[in-house]
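Just so you know, these numbers come straight off a predicted model, no measurement behind them.
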Amino acid sequence: MGVSKRSGFVGKDVNKPDKPEIPVLGGIGILAGLVAGDFALLAIDQEYAGIITAVLLSSLIIGFIGLLDDVLNLRQSIRALTPIFASVPLAIYSIGHSTISIPFVGPVNFGIFYYIIIVPAALTIASNAFNMLEGLNGLGTGMGLIMAMALTVIGLRGSGVTAEAGDMAMILAVVLASFLYFNKYPAKVFLGNIGTYLIGSAIGSIGISGYMLTALAFLYFPYVLEFILKARTKFKGVSFGQVNPDGTLTWSGSPNSLTHVVMKLGRFREYQVVAVLWSVEIVMAVLAVIFQTTVIRI
């Protein structure tokens with residue numbers, strides 16, 4: 001905490017009455033854990049060096065962009081478009097695999113459009129969307145943990161690269177579970193943009209490289225709703241609430257976020273709002289597993 005204060009990397013926990021200052025670069029710990037785990041996996045499963053390297057490179061590029069944003073406060077247009085460059089390793093890795101199994105439709109071969117449009121768009125949306133729904137203690141970390149656990153279940157029920165993607169999802173889940181101990185209410189450290197972008201891109205990279213795009217569609221559904229709410233404010237809306245004397249959070253205006261939708265349902269404390277959104281994501285995770293493993297049968 002002392003180092004963070006001296007360096008200026010602290011942020012106010014605005015959902016608390018006293019608004020304490022909290023370190024904001026916790027995502028560096030997530031990045032370190034993810035890199036260490038994936039390097040260990042690379043040493044064990046050298047047969048799948050391609051997929052591990054692609055996910056690592058994409059995640060590292062996105063993490064670097066998030067760190068720059070934390071330090072330099074990049075313009076929104078730069079934050080939105082730079083993840084396209086991080087998709088290059090995944091696009092190269094995916095060459096020769098441009099078919100997507102769509103529920104109730106069947107396999108569809110998108111050809112070159114898979115590499116130049118679908119992969120860049122999927123990773124860009126995954127990383128940017130994850131950054132939108134944040135601002136409450138443990139919210140983003142818990143959502144990421146649920147998503148990673150769903151991809152783990154799907155991956156370990158598959159074979160080949162899908163199973164390897166499941167191993168990487170398991171590593172991510174363990175890292176996030178460890179970090180959640182410090183990020184849960186009351187938070188001792190925040191994710192920072194490096195953390196939100198990193199988690200979103202890691203989940204997107206694992207899902208894309210493991211051919212689990214149907215699962216990603218379900219897992220990111222709450223973020224689609226968040227995007228719609230934020231778009232109504234031209235992406236200037238916030239996710240935190242107004243703190244009442246009893247510690248509950250409310251929002252008096254039009255909802256800028258799914259967090260505000262929950263706040264309008266009753267008088268909830270911060271951790272209760274987070275629990276509601278985690279519950280929604282758990283439902284999406286169950287649907288993701290069912291549709292990815294049963295309907296399209298990976």
Side-chain angles (χ1 to χ4, degrees), residues 27 30 34 55 58-59 61-67 69-70 74-87 90 117-136 138-151 169 172 176 183 190-210 212-240 255-262 273-274 276-278 280-285 287-288 292:
I30 297 175
L34 183 63
V55 170
S58 293
S59 298
I61 293 172
I62 292 284
F64 178 68
I65 294 170
L67 181 59
D69 192 18
D70 281 319
L74 301 176
R75 294 199 307 271
Q76 184 173 316
S77 58
I78 296 177
R79 294 198 305 266
L81 297 177
T82 45
I84 293 175
F85 298 102
S87 69
L90 288 177
I117 295 179
I118 294 179
V119 171
L123 188 61
T124 300
I125 292 171
S127 56
N128 279 284
F130 202 91
N131 191 51
M132 291 181 189
L133 186 54
E134 182 52 44
L136 277 70
L139 177 57
T141 306
M143 297 283 278
L145 174 58
I146 294 165
M147 297 163 87
M149 289 175 65
L151 294 180
L172 177 61
L176 292 179
N183 185 232
F190 289 155
L191 285 167
N193 288 325
I194 181 177
T196 54
Y197 282 116
L198 174 63
I199 296 172
S201 67
I203 291 170
S205 299
I206 290 169
I208 293 168
S209 61
M212 297 182 275
L213 288 171
T214 297
L216 289 181
F218 280 97
L219 293 174
Y220 274 94
F221 181 73
Y223 291 89
V224 173
L225 300 179
E226 184 72 9
F227 177 87
I228 294 172
L229 290 172
K230 286 293 196 298
R232 294 170 62 247
T233 68
K234 297 182 179 179
F235 301 100
K236 295 179 181 179
V238 296
S239 298
F240 51 78
N256 294 174
S257 168
L258 289 178
T259 58
H260 298 161
V261 174
V262 176
V273 175
V274 170
V276 171
L277 292 174
W278 282 357
V280 172
E281 187 60 34
I282 288 173
V283 173
M284 291 298 105
L287 291 175
Q292 186 73 65

**OP:** Please name the pair of heavy atoms, one in L172 and one in A202, separated by the smallest distance, quoted to 0.1 Å.
**Re:** CD2-CB, 4.0 Å
**OP:** With sequence neighbours left out, write down each residue that passes salt bridge (Lys or Arg N to Asp or Glu O under 4.0 Å) with E281, or none if nothing qualifies.
**Re:** none
Original post:
Quick one: does S87's side chain have a donor or acceptor within less than 3.5 Å of a partner on V119's backbone?
Top reply: no
Original post:
Once you round to the nearest 0.5 Å, how far does CZ of F227 lie from CG of L258?
Top reply: 13.5 Å
Original post:
From F85 CZ over to I61 CD1, what is the distance, rounded to the nearest 0.5 angstrom?
Top reply: 10.0 Å
Original post:
Taking everything shown except M149 itself, do over 12 heavy atoms lie less than 6.0 Å from its CE?
Top reply: no
Subject >> N128 CG to S201 OG distance, which is reported to the nearest 0.5 Å >> reply: 10.5 Å
**OP:** Report the C-alpha separation of K230 and S239 in whole Å, then their side-chain angles, then the decisive distance to 0.1 Å, and conclude whether the side chain to side chain contact (heavy atoms under 4.5 Å, CB included) test is met.
**Re:** CA-CA 9 Å; K230 286 293 196 298; S239 298; 3.1 Å; yes
**OP:** Please name the pair of heavy atoms, one in L191 and one in E134, separated by the smallest distance, quoted to 0.1 Å.
**Re:** CD1-OE1, 3.8 Å
Original post:
Would K236 and N256 satisfy side chain to side chain contact (heavy atoms under 4.5 Å, CB included), going step by step from the backbone distance to the final call?
Top reply: CA-CA 9 Å; K236 295 179 181 179; N256 294 174; over 6 Å; no
Original post:
In Å, rounded to the nearest 0.5 Å, how long is the span from OG of S58 to CD1 of I62?
Top reply: 7.5 Å
**OP:** Heavy atoms only: give me the nearest A288-A215 pair and the separation to one decimal.
**Re:** CB-O, 3.7 Å
Subject >> Trace of the side chain to side chain contact (heavy atoms under 4.5 Å, CB included) decision for I194 with I30 >> reply: CA-CA 9 Å; I194 181 177; I30 297 175; over 6 Å; no
**OP:** Output the distance between atom OG1 (T141) and atom CG (L176), rounded to the nearest 0.5 Å.
**Re:** 6.5 Å
**OP:** Report the distance from atom OG of S257 to atom CG of L136, rounding to the nearest 0.5 Å.
**Re:** 8.0 Å
Subject >> Those residues that, when tested against Y220, pass ring-ring contact (aromatic ring centres under 6.0 Å, His included) (two or more places apart) >> reply: Y223
Original post:
Hey, are the side chains of T259 and V238 touching, using non-hydrogen atoms and a 4.5 Å cut-off?
Top reply: no
Original post:
For the residue pair V261 and P255, what are the closest heavy atoms and their distance?
Top reply: CG2-CB, 4.0 Å
Original post:
Quick one: does T196's side chain get under 4.5 Å of N193's, heavy atoms only?
Top reply: yes
**OP:** Taking salt bridge (Lys or Arg N to Asp or Glu O under 4.0 Å) as the test, write out the residues that go with D70, two or more places apart.
**Re:** none
**OP:** Identify the two heavy atoms, one from A285 and one from L219, that lie closest to each other, and give their separation to 0.1 Å.
**Re:** CA-CD2, 3.6 Å
**OP:** Before giving the answer on side chain to side chain contact (heavy atoms under 4.5 Å, CB included), spell out for M212 and I206 the whole-Å C-alpha distance, their side-chain angles and the decisive distance to 0.1 Å.
**Re:** CA-CA 8 Å; M212 297 182 275; I206 290 169; 4.2 Å; yes
Original post:
Which pair of heavy atoms, one from M147 and one from I203, lies closest together, and at what distance?
Top reply: CB-CD1, 3.7 Å
